[in-house]
Trainee: 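One structure follows; several queries about it will come next.
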Amino acid sequence: MVTRFAPSPTGHLHIGGARTALFCWALARDAGANGTFLLRIEDTDLKRSSASAAAGILEDLAWLGIGWDEGPEFADGSVTFGGDPRKVGPFHQSQRQAFYDRAFQQLLASGMAYPAFDTADELAAMRDRARADKRTFIYRRPEGYDHAAACARMQTEEHVLRFAMPEQAVVVHDAVLGAVEFPFAELDDLVIRKADGMPTYHLAVVVDDELMGVTHVLRGQEHLNNTPRHVALQQALGYRTPVFAHLPLIFNPDGSKMSKRDKDKAAKKAVKVVGVESALASAGSVDGFSQTADSLNAWLGDKTAQLGSDQLGVLAGVLTLELPEIEVEDFRSAGYLPEVVCNYLALLGWSKGDDIERFDMDEFSRRFTLERIGKTAAKFDREKLQAFNFDTVQHMDPALLAERWRAWCERYDPQVPQVLGERMAMAAEAARQRAKTLRDLRAPLGFVFIADDEIVYDDKAVAKNLTKNEGEGLCVLRDAAVMLGGLADWSPASIEGAINDFAESQGLGMGKVAQPIRVALTGAAVSPGLGHTLGLLGKTSTLARIERCVKAHS
RNA sequence: GGCCCCGUCGUCUAGUCUGGUCCAGGACACCAGGUUUUCAUCCUGGUAACACGGGUUCGAAUCCCGUCGGGGUCACCA
């Protein structure tokens with residue numbers, strides 16, 4: 001069994017593509033030694049493809065834990081993916097021209113391909129005419145076509161090669177959808193070689209799947225209408241037809257298609273709310289932000305205009321706007337765990353049939369079967385993904401969580417490990433209980449990133465917990481400071497115990513003791529558990545903050 | 001518009017092939033109560049769906065037909 005994932009390197013890996021890759025991976029993985037998961041880069045569109053996008057996709061897949069057996073080589077630390085044990089490469093379509101040329105010759109010789117000389121304008125005119133007549137435009141080889149003459153003419157004239165679609169309906173046998181019949185009338189003579197000599201997607205995919213021995217083609221349902229063309233091409237070339245499985249589509253919660261453009265839309269909306277001037281005022285000084293009032297206005301006025309992801313990132317940052325996660329990289333930077341993303345993705349359009357929803361990659365590959373793939377499109381529910389991620393963060397081994405957090409921070413928030421240093425494990429423990437993502441881990445720890453003498457006290461918190469009832473809270477705070485000053489073991493558990501004992505000895509409820517301390521240390525009525533809050537601050541800072549607070553409010 | 005795919009709680013889904021065990025199960029979200037030093041967690045309980053209309057049948061979420069609804073696709077992009 002050979003499965004393949006064949007992305008086009010025009011940007012980061014889309015979350016829908018990630019699910020396709022995951023399913024392909026699981027299917028091959030479950031076949032054990034007989035299974036091969038292959039990665040191929042479909043870069044026949046020279047204008048839109050880029051090597052950096054291809055590299056990005058490799059990295060996205062590796063991060064997700066979706067390793068490929070064959071394909072471009074990729075090394076990350078101790079793991080290496082890719083290679084060519086069966087000698088079926090190269091894996092970039094731009095490097096496989098000779099194979100495509102051979103197919104073109106074969107088809108041309110058998111009369112199943114023919115050159116066509118229509119210009120773009122002529123084709124557009126034909127389409128317009130069809131539309132005016134309320135017909136669907138179907139390109140067919142002209143009546144009285146002379147193959148020999150056309151072949152001679154193609155030596156000197158710009159042309160494309162088209163496939164002469166055999167006059168018969170094509171039945172696609174899909175592992176998910178069953179038999180689907182496409183009438184001949186709907187199948188036109190598709191272009192298989194572009195004017196620049198490159199193969200189109202249809203031809204390249206058919207040739208490569210055959211040569212690479214691909215047995216199972218899993219892809220999004222948007223490809224279903226292409227499949228009869230591929231089957232016809234396979235038959236014309238004498239190829240085997242693989243098992244097809246078309247996966248249900250993934251949509252936004254509102255039913256619209258999940259696309260990179262959603263990020264742009266969200267940014268446009270936010271900029272419109274605050275106004276171009278204000279957006280520019282805050283974003284203008286950020287490194288790498290290259291927009292002007294004019295360019296922003298032009299962007300806002302043009303629905304199809306899109307800003308680069310770096311520019312959007314800056315805007316999102318200064319406008320405290322959360323861009324919707326669409327690409328794998330977005331989920332990574334948002335602080336989701338790759339194994340959780342995969343777990344959630346596995347449930348979109350697939351289910352084992354029991355009530356088990358949580359499993360790791362290994363278990364998924366064992367549970368996965370083609371038969372259990374569903375037919376209905378799914379809406380992407382970030383809340384459920386978050387719930388899964390939250391649950392995983394809660395149950396992760398503390399040391400591991402700290403390690404994962406550090407790795408994430410090094411890429412997206414380097415200040416955190418710089419300030420926290422050895423305290424990261426304790427900080428992760430302190431913050432995890434309200435963190436849905438790795439990114440969330442920082443928010444409850446804001447007080448650690450502020451100097452002892454720069455704590456800003458929240459008025460309401462002060463009134464409620466310190467100055468109310470003639471400074472009842474402040475009294476407790478003074479006594480607590482004395483007690484804490486005498487505490488030798490400054491571990492969270494010890495601190496927690498000491499404060500508990502203190503409250504009991506004073507005949508006070510925990511709230512009467514904890515809240516004043518909280519306000520003194522963080523300025524607010526909300527913080528992580530006291531043991532961790534004090535533990536992170538250390539004894540010196542704790543006492544300094546209490547002293548400053550008492551002075552400020554007495 | 002043509003062709004193609006799909007239609008179970010708000011969402012992801014189980015159940016549909018092999019009609020009765022389903023006055024429809026699980027998860028997320030939501031609501032209520034409880035635990036708790038704050039926020040949160042956690043625990044308990046609850047609300048909530050077979051798109052509609054016909055048929056077939058003793059019996060239909062399950063089979064058939066139609067309607068409506070949603071989506072995909074109609075490029076020298078993939």
Side-chain angles (χ1 to χ4, degrees), chain A residues 6-10 42-45 47-49 93 116 118-120 123-124 127 130-131 134-138 158-162 172 174 176-178 180-183 185-188 190-196 198-202 204-205 219-228 246 248-249 251 253 255-257 344 347-358 374-388 390 394 431-435 444 461 465 496 499-500 503 508-515 517-519 522 524-531 533:
Chain A
S8 179
T10 54
E42 310 225 322
D43 54 355
T44 53
D45 185 343
K47 284 188 282 292
R48 296 202 308 157
S49 301
Q93 290 187 326
D118 316 83
T119 64
L123 286 169
R127 286 195 187 93
R131 185 191 299 231
K134 295 194 170 172
R135 282 184 295 111
T136 305
F137 175 65
I138 296 287
E158 183 167 288
H159 64 281
V160 298
L161 240 39
R162 282 181 184 270
V172 172
D174 187 273
V176 173
L177 302 168
V180 184
E181 182 169 333
F182 296 84
E186 296 297 320
L187 273 12
D188 68 347
L190 64 153
V191 173
I192 55 175
R193 187 174 73 186
K194 308 180 215 174
D196 65 2
M198 295 294 285
T200 58
Y201 159 71
H202 306 289
V205 87
R219 50 170 39 157
Q221 232 174 68
E222 74 269 20
H223 283 292
L224 183 60
N225 292 300
N226 291 148
T227 309
H246 288 91
L249 269 12
F251 293 113
S256 63
K257 203 171 175 177
Y344 177 71
L347 263 15
L348 244 35
W350 176 86
S351 125
K352 181 68 182 173
D354 51 26
D355 289 336
I356 299 172
E357 287 196 314
R358 303 303 310 275
K375 300 178 178 185
T376 23
K379 288 171 186 162
F380 195 94
D381 182 5
R382 280 186 190 72
E383 301 232 36
K384 186 153 179 172
L385 205 214
Q386 280 179 1
F388 277 22
F390 176 81
Q394 299 317 305
R432 81 194 303 178
Q433 281 197 312
R434 58 228 81 193
N465 301 297
E496 197 90 40
I499 295 177
N500 260 314
L508 291 166
M510 252 318 251
K512 293 283 185 197
V513 179
Q515 289 309 86
I517 297 177
R518 209 164 241 127
V519 175
T522 69
V526 176
S527 89
L530 273 191
T533 299

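Numbered from 1 within each chain, the chains take letters A, B, ... in sequence-line order.
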Trainee: Using the C1' atom on both, measure B:G15 against B:A61 and round to a whole Å.
Mentor: 8 Å
Trainee: When only distance counts, do a donor and an acceptor, one from the side chain of A:D381 and one from the base of B:A29, lie under 3.5 Å apart?
Mentor: no
Trainee: Of all the nucleotides listed (B:G72, B:U38, B:U41), which has the minimum atom distance to the side chain of A:F390?
Mentor: B:U41
Trainee: What's the closest nucleotide to the A:Q433 side chain, out of B:A78, B:A27, B:A40?
Mentor: B:A40
Trainee: Does A:Q394 reach a base, just sugar-phosphate, or nothing at all? Heavy atoms under 4.0 Å.
Mentor: nothing
Trainee: So what does A:G374 touch, heavy atoms closer than 4.0 Å: a base, only the sugar-phosphate, or nothing?
Mentor: nothing
Trainee: For the residue pair A:T200 and A:K194, establish whether any side-chain heavy-atom pair is separated by less than 4.5 Å.
Mentor: yes
Trainee: So, do A:R518 and A:N465 sit near enough that their side-chain heavy atoms are less than 4.5 Å apart?
Mentor: no
Trainee: Looking at B:G7, which nucleotide sits across from it as a Watson-Crick or G-U wobble partner, both distances under 3.5 angstrom, or is there none?
Mentor: B:C68
Trainee: Does A:H223 reach a base, just sugar-phosphate, or nothing at all? Heavy atoms under 4.0 Å.
Mentor: base
Trainee: Going by purine N1 to pyrimidine N3 plus the second Watson-Crick contact, or the G-U wobble pair, all under 3.5 Å, which nucleotide sits opposite B:C17?
Mentor: none
Trainee: Counting any heavy atom closer than 4.0 Å, what does A:V191 reach on the DNA or RNA strands: base, sugar-phosphate only, or nothing?
Mentor: sugar-phosphate
Trainee: When the P atoms of B:G19 and B:U62 are compared, how many Å lie between them, rounded to an integer?
Mentor: 12 Å
Trainee: If pairing requires Watson-Crick or G-U wobble contacts with both distances under 3.5 Å, which nucleotide is the partner of B:G2?
Mentor: B:U73
Trainee: Base, sugar-phosphate or nothing for A:F251? Non-hydrogen atoms, less than 4.0 Å.
Mentor: sugar-phosphate
Trainee: So what does A:D174 touch, heavy atoms closer than 4.0 Å: a base, only the sugar-phosphate, or nothing?
Mentor: nothing
Trainee: Where the side chain of A:E222 is defined as all heavy atoms beyond and including C-beta, which of B:U73, B:C4, B:C6 is the nearest nucleotide?
Mentor: B:U73
Trainee: For the side chain of A:V526, starting at C-beta, report the closest nucleotide among B:C76, B:C6, B:U38.
Mentor: B:U38
Trainee: Rounded to whole angstrom, note down the P distance from B:U13 over to B:C68.
Mentor: 27 Å
Trainee: Determine the contact category for A:K379: base if any of its heavy atoms lies under 4.0 Å from a base atom, sugar-phosphate if only primed atoms, P, OP1 or OP2 are that close, otherwise nothing.
Mentor: sugar-phosphate
Trainee: In whole Å, measure the gap between the P atoms of B:C43 and B:U18 for me.
Mentor: 41 Å
Trainee: Of the nucleotides B:C3, B:G26, B:C5, which one has an atom closest to the side chain of A:V180?
Mentor: B:C5
Trainee: Under 3.5 Å, is there a donor-acceptor pair between the A:S527 and A:T522 side chains?
Mentor: no
Trainee: NA contact type, A:K257, heavy-atom cut-off 4.0 Å: base, sugar-phosphate, or nothing?
Mentor: sugar-phosphate
Trainee: Which of the following nucleotides, B:G72, B:A78, B:C5, is nearest to the side chain of A:T44?
Mentor: B:A78
Trainee: Between B:G10 and B:A48, how many Å separate the two C1' atoms, rounded to a whole number?
Mentor: 9 Å
Trainee: So does A:K257 pair up with A:E222, basic N to acidic O under 4.0 Å?
Mentor: no
Trainee: Across the strands shown, which category fits A:N465 at heavy-atom distances under 4.0 angstrom: base, sugar-phosphate, nothing?
Mentor: nothing
Trainee: Would you mind classifying the nucleic acid contact of A:T376 as base, sugar-phosphate or nothing, using non-hydrogen atoms under 4.0 angstrom?
Mentor: sugar-phosphate
Trainee: Kindly point out which of B:U13, B:A78, B:G2 is positioned nearest to the side chain of A:N226?
Mentor: B:A78
Trainee: Think A:R358 forms a cation-pi with A:F388, using NZ or CZ under 6.0 Å from the six-ring centre and within 45 degrees of its axis?
Mentor: yes
Trainee: Using only heavy-atom distances, decide whether a donor-acceptor pair under 3.5 angstrom links the side-chain of A:Q221 to the base of B:G71.
Mentor: no
Trainee: Would you mind pulling out the nucleotide paired to B:A60, Watson-Crick or G-U wobble, both distances under 3.5 Å?
Mentor: none
Trainee: Looking only at side-chain N and O atoms, does A:R48 offer a donor or acceptor that is under 3.5 Å from a partner on A:T10?
Mentor: no
Trainee: Take A:I499 and A:M510, measure what side-chain contact (heavy atoms from CB on, under 4.5 Å) needs, and give me the verdict at the end.
Mentor: CA-CA 8 Å; A:I499 295 177; A:M510 252 318 251; 3.8 Å; yes
Trainee: Which part of the nucleic acid, if any, lies within contact of A:R131, taking any heavy atom under 4.0 Å across all strands shown: a base, the sugar-phosphate backbone alone, or nothing?
Mentor: nothing
Trainee: Need one value for A:R162: base, sugar-phosphate or nothing, where a base atom within 4.0 Å counts as base even if backbone is also close, heavy atoms only.
Mentor: sugar-phosphate
Trainee: Choosing from B:G71, B:C6, B:G25, which nucleotide comes nearest the side chain of A:L249?
Mentor: B:G71
Trainee: Using the side-chain heavy atoms of A:N225, tell me which of these nucleotides is nearest: B:C4, B:C76, B:A29.
Mentor: B:C4
Trainee: With a non-hydrogen cut-off below 4.0 angstrom, is A:A195 in contact with a base, only sugar-phosphate, or nothing?
Mentor: base
Trainee: Between B:U73, B:U38, B:G2, which nucleotide has the shortest distance from any of its atoms to the side chain of A:T136?
Mentor: B:G2
